[in-house]
Amino acid sequence: MSFEQRGPMPLTYEPVSYPGSVLRFRGPASAMEAPYILCLGGSETFGRFIHAPYATQLAEKLPHTVVNMGVMNAGLDVLMHDPAIIGATRNASAVVLQITGAQNISNRLYGVHPRRNDRFVKTTAMLRTIYRDVDFTEFHFTRHLLSHLQGLSAERFGIVIAELRVAWMARMRSLLCEIDVPVHLLWLARHHPEDPVQTGTLGPDPLFITPDMLAEVRAMAASLSIISPSDTQMAQSTRGMFFAAREEAAARALPGPDLHDRAATALLPLLS
């Protein structure tokens, strides 16, 4: 995977694996000895382009172990079905669960890769019926697929969004019911959940999550922390991030060190 083959850089992710999983997590490896706090999420929790993601900062400030099991490009599918992650949730004393988008989960319209959830792998008869004019063999990633469908018909795309939101809510309810310890939800993104989406675009990650959806899952969790940038922080954009020239666009879509600092500050009193 590209994040494991970066060449000479001032940042290394030290990727590690845990028994029962073929996934590679952010290193260094953590001992799964209770009590420990488990951080789950996607590229943001993994800390792509970041020297000290919020999980690392929590580990430095808390008296017990913090395990970062963020997965690059993860949706809820991998967080719910990876054996190592499932095992880790059973023995954790608390879980930080980053809010991921609704686009990277299998649903009644299309399926995603079980480990790389941003990969589109198959469509269903329902989606082919809604979009009879589309050759789905041209698409390999969920964002590319959804951007194309959005451009064809706002009315038909509304059906797609509604289905993704229903699937995300069902998956979140199931995950929160399965975790027996306090779950602290974390919105860590380049935008606030109430910010409007620019017309004609899908918008920034996490996709299609509304304030009402957050309020519903918040009622099932111990807390919800909203971490989004101020105008000044947006202007600073990629300051403090480490990336190659070809990775700048990807870096601009992810939270920078300032947001990770704020996430750690917000979570610390909740986990102490």
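Model, not experiment: these values are computed from the prediction. Quick note: residue numbers are just sequence positions, from 1. Every heavy atom of this structure was used, including side-chain atoms; hydrogens, water molecules and symmetry mates were not.
- For the pair P257 and M241, the tightest heavy-atom approach, listed with the atom from each and the gap, is CD-CG, 3.7 Å.
- Here the options are L152, L146, I130, the test is side-chain contact (heavy atoms from CB on, under 4.5 Å), and the partner is F157; only L146 passes.
- A side-chain hydrogen bond (donor to acceptor under 3.5 Å, both in side chains) with N104 holds for exactly one of T142, N117, D205; it is T142.
- When every heavy atom of L76 is checked against every heavy atom of I105, the shortest pair comes out as N-CG2, 3.6 Å.
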Check against side chain to side chain contact (heavy atoms under 4.5 Å, CB included), L268 and L62: CA-CA 8 Å; L268 186 60; L62 290 170; 3.5 Å; yes
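- With respect to the salt-bridge test (charged N to carboxylate O, under 4.0 angstrom), the residues R171 and D77 qualify.
- Rounding to the nearest 0.5 angstrom, the gap separating the CG atom in L202 from the CD atom in Q150 is 4.5 Å.
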Pair F141-R119, side chain to side chain contact (heavy atoms under 4.5 Å, CB included): steps then yes or no: CA-CA 4 Å; F141 293 92; R119 297 289 185 95; 3.0 Å; yes
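- For A74 against T100, the heavy-atom pair with the smallest separation is O-CG2, 3.7 Å.
- With a 4.5 Å cut-off on side-chain heavy atoms, D261 and Q57 count as touching.
- No single ILVMFWY cluster, assembled from side-chain heavy atoms under 4.5 Å apart, contains both I209 and I161.
- Residues L188 and L259 have side chains in contact (heavy-atom distance under 4.5 Å, counting atoms from C-beta outward).
- Annotation for A222 and H184: closest pair CB-CE1, 3.7 Å, computed over non-hydrogen atoms.
- The CD atom of E44 sits 9.5 Å away from the CE atom of M72 when rounded to the nearest 0.5 Å.
- Side-chain contact between R165 and T210: present, with at least one pair of heavy atoms (C-beta onward) separated by less than 4.5 Å.
- Here the side chains of T123 and V134 are not in contact, with every heavy-atom distance at 4.5 Å or above.
- Cluster membership for F46 and L207, using ILVMFWY side-chain heavy atoms within less than 4.5 angstrom, is not shared.
- Here F136 and Y131 keep their ring centres 6.0 angstrom or further from each other.
- If you chain together hydrophobic residues whose side chains sit under 4.5 Å apart, F120 and F208 fall into the same group.
- Contact annotation: the side chain of H192 approaches that of I226 to within less than 4.5 Å [non-hydrogen atoms, C-beta and beyond].
- Looking only at atom types and distance, the side chain of Y54 has no donor-acceptor partner in the side chain of T265 under 3.5 Å away.
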Full working for side chain to side chain contact (heavy atoms under 4.5 Å, CB included) between M169 and V217: CA-CA 8 Å; M169 286 299 306; V217 296; 3.9 Å; yes
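- Taken from CG in L175 to CD1 in I85, the straight-line distance is 10.0 Å, to the nearest 0.5 Å.
- Atoms CG and CD1, on L271 and I37 in that order, are 4.0 Å from each other to the nearest 0.5 Å.
- Listed for the S93 side chain is a donor-acceptor partner under 3.5 Å among the backbone atoms of Y36.
- The nearest pair of heavy atoms linking R115 to V22 is CD-CG2, 3.1 Å.
- A donor-acceptor pair is defined here as one N or O able to donate and one able to accept, closer than 3.5 Å; no such pair exists between the side chain of Y13 and the backbone of P28.
- No side-chain N or O of R252 forms a donor-acceptor pair with one of T238 less than 3.5 Å apart.
- You'll find the side chain of I99 reaches within 4.5 Å of the side chain of M172, heavy atoms only.
- Between the CG atom of D180 and the CG atom of N91 there is a distance of 11.0 Å, given to the nearest 0.5 Å.
- Between Y18 and F25, the ring-plane angle classifies as tilted under the 30° and 60° cut-offs.
- Clustering ILVMFWY residues whenever any of their side-chain heavy atoms sit less than 4.5 angstrom apart, transitively, puts L127 in a cluster other than the one holding V166.
- At a threshold of 4.5 Å between non-hydrogen side-chain atoms, the residues P229 and D258 do not count as touching.
- Distance NE2/H260 to OG1/T45: 7.5 Å, rounded to 0.5 Å.
- More than 12 heavy atoms of other residues, nucleotides or ligands sit less than 6.0 Å from atom CZ of R218.
- Other residues, nucleotides and ligands contribute more than 12 heavy atoms inside 6.0 Å of the CZ atom of R128.
- Ring pair F139/H148 is tilted by interplanar angle, where 30° to 60° counts as tilted.
- The shortest side-chain heavy-atom distance between V181 and T89 does not fall under the 4.5 Å cut-off.
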Trace of the side chain to side chain contact (heavy atoms under 4.5 Å, CB included) decision for Y110 with Q103: CA-CA 10 Å; Y110 62 82; Q103 79 278 19; 4.2 Å; yes
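- Considering all non-hydrogen atoms of both residues, L58 and A264 come closest at CD2-O, 3.7 Å.
- A single hydrophobic cluster is seen to contain both L40 and L224, as judged by linkage of ILVMFWY side chains at heavy-atom distances under 4.5 Å, directly or through other members.
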